[in-house]
Protein chains: 2
Amino acid sequence: MARIKTTKDESRKDVILTAAAESFRERGYKATSMRDLAEKVGIEAASLYNHIDSKSELLIDICFSITSLMNDFMTSVEESDQTSLQKVETILRFQIRQMVDNFDNNFVANREWNHLDEPELSEFRTQRHEYRKRMNHIITKGIADGEIKESINVPATVWLLLHAIYGIESWHRSKVRVDPAVLEENMITILIGGLKK
Amino acid sequence: MARIKTTKDESRKDVILTAAAESFRERGYKATSMRDLAEKVGIEAASLYNHIDSKSELLIDICFSITSLMNDFMTSVEESDQTSLQKVETILRFQIRQMVDNFDNNFVANREWNHLDEPELSEFRTQRHEYRKRMNHIITKGIADGEIKESINVPATVWLLLHAIYGIESWHRSKVRVDPAVLEENMITILIGGLKK
DNA sequence: CCTACCGATCGGTAGG
DNA sequence: CCTACCGATCGGTAGG
């Protein structure tokens, strides 16, 4: 029966996924009940199970859609002919725009992934770790090429860059209204300015 | 009866608070049951209620102990005779050290406060907002004094600085082992370097 | 997609 | 500090 579902109306599942991302972002994964979610979609809780197999499936779909988006973009940047510092800037700008345009999904992937069960939990951790290693590699190259300050600690710097961007989560839902373009330029000014030799 | 408790052994409550902070950090507030917590403390769930009134009280205590610590430190910095950029650096260093030394409580205050109920939820939001306004004020002064780049957007910058530091949360529990002192210098190098005119 | 309902688990209380 | 237990709510299923 789970098999039939896939070929049936896929758009209904997308509606559920969108509602789930928003709910998980607002209240957290654990605090969101299937009854909350069903109400948001406009059906009864039991009816959700005609489109999905479980609550955890929703979290899995959200988290891994983000990791695959990030990994694909990283690959395209690695293959480009930009300098290392330009690559860092390109990645930061992409992530900032992602955080602004695809807010709920990114928030959930950044903050609620710890509610994944095994084996997805380990898989998610591995993917994040791989992503950071690729960032490390770019920055290490930038230092070797004399573009980036040699005094920095690479892993700590990757951590700083990534989490500075994750912070946009909270900005987004707050009362502080900053134009996304201004936000992006500001982050680039400070972070790239801080990295540059 | 709630009155007697306060005068009774306060240290037992501290043990519970410490265990709660660690559990809330690891699993999240909602996903931590009073039975989990009791087991960690080494008593039965029902016995917790001889020392506390409710689960929510634990979250309240953790969150507001952090806000009051931050606010007190901010006051001492404001009253000091440092330049604005020095003040920013002093505050960043304090927050970094807090995040390293008092990790569980800071994590919970940064990431789980949204599970507070009213009126504490509004009170917490107000306190955070006030804190950011004080940071805004210092940076605005730094720009006026010609110490800090005039091209930056002040609220977005405060957001960036604060969230770059909150990111230490994840660093702490990860496999990436960076010496706290190196981490601190690295963050200061990039962030203060990025701000400086 | 709904009604009806399940077993499990939750925060918390009574009474000792 | 424990045993025993409460009403509520949870994720999910049966059957239509």
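So that the names make sense, note that chain A is the first sequence line, chain B the second, and so on, each numbered from 1.
Counting heavy atoms from C-beta outward, F24(B) and R111(B) have side chains that stay 4.5 Å or more apart. At least one side-chain heavy atom of L161(B) sits less than 4.5 Å from a side-chain heavy atom of L195(B).
The nearest whole Å value for the distance from the NZ atom in K13(A) to the C1' atom in dC1(C) is 18 Å. Here dT3(C) presents its P atom at 5 Å from CD of E44(A), a figure rounded to the nearest Å. Between the CD1 atom of I43(A) and the C1' atom of dT3(C) there is a distance of 14 Å, rounded to whole Å. Atom CD in E39(B) sits about 12 Å away from atom P in dC2(D), given to the nearest Å. When rounded to the nearest whole Å, the span between CG of L48(B) and P of dT3(D) equals 14 Å. Atom pair R12(B):CZ and dC1(D):C1' shows a separation of 9 Å (rounding to whole Å applied). We find that CG of D36(A) is positioned 11 Å from P of dT9(D), with the value rounded to whole Å.
Relative to the ring axis of Y29(A), K30(B) does not place its NZ or CZ within 45° and under 6.0 Å from the centre.
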Could you run down nucleotides 11-16 of chain C 5' to 3' and tag each one B, S or - for protein heavy-atom contact under 4.0 Å? BBB---
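With respect to the salt-bridge test (charged N to carboxylate O, under 4.0 angstrom), the residues E89(A) and R93(A) qualify.
The local environment of NZ in K141(A) is sparse, with at most 12 non-hydrogen atoms from other residues, nucleotides or ligands closer than 6.0 Å.
Between K87(A) and Q82(A), the shortest heavy-atom contact is CE-O, 3.5 Å. Counting all heavy atoms, side chain and backbone alike, N105(A) lies closest to A21(A) at OD1-CB, 3.5 Å.
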Could you write out DNA chain D as dot-bracket? Rules: Watson-Crick or G-U wobble, both distances under 3.5 Å, brackets [ ] for crossings, | for pairs with another strand, dot for unpaired. ||||||||||||||||
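Note that CZ of F73(B) and CZ of R97(B) are 7.5 Å apart. Values are rounded to the nearest 0.5 Å.
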